[in-house]
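Each remark here refers to the structure printed beneath this line.
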Amino acid sequence: MLETVVGTNGILVPPPGYLQGVRELCDEHGIVYIADEVMAGFGRCGEWFAVDHFGVTPDLICFAKGVNSGYIPLGGVIISERIAASFQDRAFPGGLTYSGHPLACASAVASIRIFEEEGILENVRTLSASVIEPRLTEIAAKHPSVGDVRGLGFFWALELVKDRQTREPLVPYNASGAAAAPMTAFAAACRAEGMWPFVHFNRTHVVPPCTMTAEELATGLDILDKALDVADEHTT
Ligand SMILES: Cc1ncc(COP(=O)(O)O)c(C=O)c1O
């Protein structure tokens with residue numbers, strides 16, 4: 001079971017061939033491949049599912065958040081035909097109080113229709129390539145505190161460092177209080193300009209709504225750029 005692109009723990013994009021290798025190993029050893037697409041799915045990586053980007057087919061896909069943007073709580077599991085067939089002559093041993101709730105499912109159907117009508121996947125692909133990636137690359141070149149930039153679609157992380165050569169993180173692992181001050185100051189600088197950043201250890205993530213326009217992205221990236229001056233003050 002793995003997140004196709006690891007989310008909260010750092011936006012870790014698998015290298016080419018990695019997931020194909022996982023698929024082959026699962027096939028070879030009779031292992032069920034479960035893709036957790038709760039964060040990476042539904043357009044976040046520019047495809048319906050992030051696995052589509054890598055050309056692999058899992059046996060099960062877990063989804064939630066992006067399926068309906070959380071308008072109604074909904075999560076689910078997509079089951080491959082082969083596994084679904086095993087429940088044709090025996091009961092599926094699962095269920096929740098609100099399993100298959102019609103209102104929640106209707107909100108997903110409506111949301112998926114809007115994805116199609118408003119070209120959300122295209123928006124993510126186009127603006128990732130034309131706005132986010134080039135601007136983050138420029139930001140990384142400009143700020144000594146940026147040690148790494150990585151991501152896919154509208155799913156990006158910046159790793160902040162004290163020193164680009166040694167790659168020492170800007171704050172220690174799991175830092176809090178005074179030890180986390182450089183990241184706290186960076187986050188405060190973002191908030192002072194009206195943007196609430198996601199900050200985890202020495203990382204900040206750029207994970208905007210998939211409906212964002214180029215102008216809105218530029219506004220957010222301008223704030224990020226400016227706030228990184230504060231992080232730069234803590235580099236050696
Ligand atoms: C990648 C990932 N998987 C699973 C979950 C849990 O999802 P749920 O609360 O819908 O079970 C989360 C929730 O944050 C998540 O980010």
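Note that ligands are numbered from 1 as they come in the structure, with each ligand's atoms numbered from 1 the same way. Keep in mind it's a predicted model, so treat the numbers as computed, not measured.
- A salt bridge is absent between Glu159 and Arg167: the closest approach of a Lys/Arg side-chain nitrogen to an acidic carboxylate oxygen does not fall below 4.0 angstrom.
- Taking Tyr33 as the reference, nothing meets the ring pair (Phe, Tyr, Trp, His ring centres under 6.0 Å) condition, with sequence neighbours excluded.
- Counting protein heavy atoms under 4.0 angstrom from atom 9 (O) of ligand 1 gives zero.
- Scanning the protein heavy atoms around atom 15 (C) of ligand 1, the nearest turns out to be Val38 CG1, 3.6 Å.
- Looking at Ser111 and Asn68, their side chains never bring a donor and an acceptor atom within 3.5 Å of each other.
- Ligand 1 has Lys65 within reach: a non-hydrogen atom of the residue lies less than 4.0 Å from it.
- Listed for the Arg150 side chain is no donor-acceptor partner under 3.5 Å among the backbone atoms of Val13.
- In terms of N/O distances under 3.5 Å, ligand 1 is not approached by Thr8.
- Closest to atom 3 (N) of ligand 1 among all protein heavy atoms lies Asp36 OD2, 2.6 Å.
- Distance screen at 4.0 Å: atom 5 (C) of ligand 1 has a protein heavy-atom neighbour inside the cut-off.
- Lys142 has no carboxylate O lying under 4.0 Å from a charged side-chain N of Asp232, or vice versa, which leaves the two without a salt bridge.
- Of the protein's non-hydrogen atoms, the one nearest atom 16 (O) of ligand 1 is Met39 CG, 3.3 Å.
- Geometrically, ligand 1 and Glu3 share no nitrogen or oxygen pair separated by less than 3.5 Å.
- Just one of Asp225, Thr235, Leu160 meets the side chain to side chain contact (heavy atoms under 4.5 Å, CB included) condition when paired with His143; it is Asp225.
- Close approach to Ala64 involves these atoms of ligand 1, each under 4.0 Å from a residue heavy atom: 10 (O).
- Closest approach of Leu127 to Ala214, counting heavy atoms only: CD1-N, 3.5 Å.
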